[in-house]
Amino acid sequence: MTATSQNASALAPVFVRLKLSLIKNGLRQSGGRRAAYITSAVLALLFAALQLLGLIALRGTEHAGTVTLLLVALMAVGWTVMPLFFPSGDETLDPTRLVMLPLRPQPLVGALLAASLVGIGPLFTLCLILGSAIAVAHGAGAVVVAVLAVPLALLVCIALARAVATANTRLLTSRKGRDLAVLSGLVIAVGFQFVNFGAQRLGRSGGLSALDPVADVVRWLPPASAIGAVDSAGEGSYGRAVLQLLISAAALALLLYAWQRSLVKLMTTPDGSTLAASDASRKESGGKGLTSLLPEGRTGTVMLRTLRYAWRDPKTKAAWITSLAIGLIVPVFNALQGSGTVYFACFATGMLGMQMYNQFGQDTSAFWMVLLSISSTRDAYLELRARAFALLLVTLPYTLLVTAVTAGMLGDWTKLPEVIGLALALLGAMLATGSVASATLAYSIPQDSRKNVAPGQGGIAFLSILGGMVVSAILCAPVIALAIWLHVSGNHGSLWLLLPLGAAYGALICWAGLRTAAPRTASRLPEILTAVSRG
């Protein structure tokens, strides 16, 4: 055994214990955080178990190979982009934290890979890969190949994610790189919508047989080629199965080598991305013009600060741009396909309404300055109200625009008033629940562009957004029930009343939510500061 392998074998358990300790210590911080993490873990594992059973049920069906191959390929794509643009990772996987330690890159790669296998995400992926292998494994030879293919496919996914993340660490931690990531994240989000609409078209075009040519290509691409090897062995093509396994193994070796090279470069090359800001970047661009349009006092100041965060902070900008784009794409694409409805315009309102959640998280450690300006429930109410006003400056005209465009494309102008009323009621409900969630379920948004949630707070973020959306839908029930009753009873001439009623109801719910959230915010300022400062 070489010295390098000895170092790797000694280092891997240390990193695994480190990750387990980080998870355990994060759960000890509060009972709410522990409950949120456990709940999200149970839900994720339950979904994984259902997916596993569903894949096993595909065993013996005509298109089992096509489904499993494409599923593994999509998982590989997800592992590539998720660490860059969505919540994931922890301190053990951030190589910039290890630069000053006396660690050689080769054993470090093995240790980081071992630590990467610990977590809900890898376990979820393992369940899907295992189910895919079971679905196509027929015969003893296929079972033997599956024993090698399942861990190989999992390691390729993990190594792909870590290699891409490490190679882009410097880019994503620079200011220009974070701005570029905004565009990349938007492209990925839009790409998912194209996949969604493609799936809808597939369902109308005669079934999964249309994907067989795609699967024939994907079965030779790692890590799907590992599952393709199981399928080939089940058909008796052992030579092809060995070749497909070798393709995945070669891909793993290349990814580990690329990951190691990136670590060497990252740990030995000076970081020139954090240059001092130029004088031009410190100048205010159009600040006086914007200030003149806002109300005076605390309300205008907070609105201006919120809008500047949305424009300057890469994370906040990414969330806004993605919401604006996806909110327009969904109703417009459905209208182009002839299967849409004007009611899809409410989706755009919901996408922007989600920006109200975790309002204090975007402040990160700078929230202490906001904390110093809040000394009473009245101050907290004015702070939250101003942030809601800033969101309304964009959301209200955007809602009207998307609704009008969708109605025009469908030629259904008669539904425009009622849809706007429903959208405004939904917006008011999301502003209300977002205010309460910001006070009770605050979480940190780290400056590291590869993470949107600090380690250990993913469950809090999940419950905040999902719970807020469910409660918002419940709060909108009276307006929705009124719309349904007017349609069922044939009172179509009275549907225009939903516009003023929806606007008034949304304003009332928003006011009630702000009033409810204000005392909670004022009494929980230290807890909120601790939660949002973790990044």
Side-chain angles (χ1 to χ4, degrees), residues 81 84-87 172 175-193 285-287 290 293-294 302-332 345-364 366-367 370 383-403 405 423-424 426-428 430-431 433-435 437-438 442-453 461 464-465 468-469 472 510 532 535:
V81 301
L84 298 176
F85 307 109
F86 296 96
L172 296 176
R175 178 59 183 270
K176 291 183 179 180
R178 289 194 294 265
D179 289 338
L180 179 62
V182 171
L183 178 60
S184 302
L186 175 60
V187 171
I188 292 170
V190 173
F192 279 120
Q193 294 304 315
S285 56
L290 179 60
L293 298 176
L294 300 177
V302 175
M303 290 178 66
L304 181 62
R305 183 184 69 221
T306 301
L307 294 173
R308 281 179 174 169
Y309 277 162
W311 178 252
R312 294 178 178 179
D313 180 65
K315 287 294 186 63
T316 308
K317 185 191 295 185
W320 274 89
I321 293 179
T322 303
S323 297
L324 289 169
I326 302 302
L328 180 63
I329 287 173
V330 170
V332 169
C346 294
F347 182 82
T349 305
M351 288 296 296
L352 281 185
M354 290 173 61
Q355 303 308 313
M356 189 64 189
Y357 294 89
N358 196 36
Q359 274 292 305
F360 303 128
Q362 67 181 2
D363 298 345
T364 62
F367 178 72
V370 178
E383 176 76 22
L384 290 169
R385 188 186 67 175
R387 293 179 185 241
F389 283 166
L391 187 63
L392 286 172
L393 280 180
V394 179
T395 307
L396 280 178
Y398 180 76
T399 297
L400 297 177
L401 173 64
V402 174
T403 308
V405 169
L424 294 179
L426 174 63
L427 177 59
M430 296 195 76
L431 292 177
T433 56
S435 300
S438 296
Y443 56 90
S444 175
I445 303 177
Q447 294 301 304
D448 182 352
S449 291
R450 295 183 293 113
K451 307 173 187 176
N452 292 333
V453 181
S464 172
I465 297 176
M469 293 173 64
S472 296
C510 179
V532 303

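Keep in mind that what you see is a predicted model, and the values were worked out from it rather than measured.
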Fill in: Atom pair CG (L294) and CG (L393), whose distance is rounded to the nearest 0.5 Å
6.5 Å
Worksheet entry | side-chain contact (heavy atoms from CB on, under 4.5 Å) partner of C510, the single match among T433, L392, L431 | L431
Worksheet, complete the sentence: Heavy-atom closest pair (L307 atom, A390 atom, distance to 0.1 Å) is CD2-O, 3.8 Å
Worksheet item: So which heavy atom on L426 is nearest to which on C346, and how close?
Response: CD2-O, 3.6 Å
Worksheet item: Hey, does Y309 have a side-chain heavy atom less than 4.5 Å from the side chain of Q359?
Response: no
Item to complete: Mark yes or no for whether Y398, through its side chain, and L328, through its backbone, hold a donor-acceptor pair below 3.5 Å.
Response: yes
Worksheet item: So how far is it from S435 OG to Y357 OH, rounded to the nearest 0.5 Å?
Response: 9.5 Å
Discussion item. Measuring from atom CG of L396 to atom CZ of F389, what distance do you get when rounded to the nearest 0.5 angstrom?
Written reply: 10.5 Å
Worksheet item: With side chains defined as the heavy atoms from C-beta onward, is the minimum distance between S438 and M356 less than 4.5 Å?
Response: no
Worksheet item: Between F347 and I329, is any pair of side-chain heavy atoms under 4.5 Å apart?
Response: no
Item to complete: Without swapping roles, check the side chain of S464 against the backbone of A437 for a donor-acceptor pair under 3.5 Å.
Response: no
Discussion item. Using every non-hydrogen atom in the two residues, find where A348 and V402 come nearest and quote the distance to one decimal.
Written reply: CB-CG1, 3.9 Å
Worksheet, complete the sentence: Value for CG (L391) from CE (M354), rounded to nearest 0.5 Å, stands at 12.0 Å
Fill in: From M430 atom CE to T395 atom OG1, the distance as rounded to the nearest 0.5 Å
10.0 Å
Worksheet entry | Separation of L352 CG from L427 CG (nearest 0.5 Å) | 8.5 Å
Practice prompt. Taking the side chain as every heavy atom from C-beta outward, state whether S323 and Q355 have any pair of such atoms under 4.5 Å apart.
Written response: yes
Worksheet item: What pair of heavy atoms forms the shortest contact from A310 to W320, and how long is it?
Response: CB-NE1, 3.6 Å
Fill in: Closest contact, heavy atoms only, T399 versus A423
CG2-CB, 3.7 Å
